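Input: a single structure, listed below in structure tokens.
What's counted below: heavy atoms across the whole structure, side chains too, no hydrogens, waters or symmetry copies. Note that the structure is a prediction, hence the values are computed from the model and not measured.
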Amino acid sequence: MTQLETAMGILMKTFDTYAAAGGNKDSLSKAEAKTLLEKELPGLLKATKNQDEVDKMLKGLDFNGDSEVDFSEFVVLVAALTCACHNRCPKK
């Protein structure tokens with residue numbers, strides 16, 4: 001597999017691992033999303049000074065308002081964070 005195919009596989013496996021912890025394997029509950037962020041993006045949470053900011057970020061992930069984070073919403077988060085960490089993305 002190419003590097004990009006491997007990265008895509010890792011994204012899918014990571015999402016599936018945390019989603020499988022609860023009842024719905026197709027989405028992350030707020031608790032599952034928080035655990036994923038704590039375990040997979042610890043630097044992001046360390047940069048956040050208070051819990052309200054974390055809760056606001058988790059709520060912002062739920063684009064369709066169903067109180068869960070589905071795979072599409074998760075991918076948008078990863079893409080947005082990747083852009084934020086890479087200086088080639090246009091600033092809007």
Distance-only criterion, 3.5 Å: show the donor-acceptor pairs between side-chain atoms of residues 8-16 and protein atoms not counting sequence neighbours.
{"from": "Thr14", "atom 1": "OG1", "to": "Ile10", "atom 2": "O", "distance (Å)": "2.8"}

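Of all the heavy atoms in Ala19 and Ser27, the pair that sits closest is CB-O, 3.5 Å.
Residues satisfying the side-chain contact (heavy atoms from CB on, under 4.5 Å) test with Glu5, not counting sequence neighbours, are Met1, Thr2. For Asn64, the side-chain contact (heavy atoms from CB on, under 4.5 Å) partners are Asp62, Asp66, Asp70, Glu73, not counting sequence neighbours.
Atoms NZ and OH, on Lys39 and Tyr18 in that order, are 6.5 Å from each other to the nearest 0.5 Å. Taking CG from Leu28 and NZ from Lys34, the interatomic distance works out to 14.5 Å, rounded to the nearest 0.5 Å. Distance check, rounded to the nearest 0.5 Å: CG of Leu77 to OG of Ser72 gives 12.5 Å.
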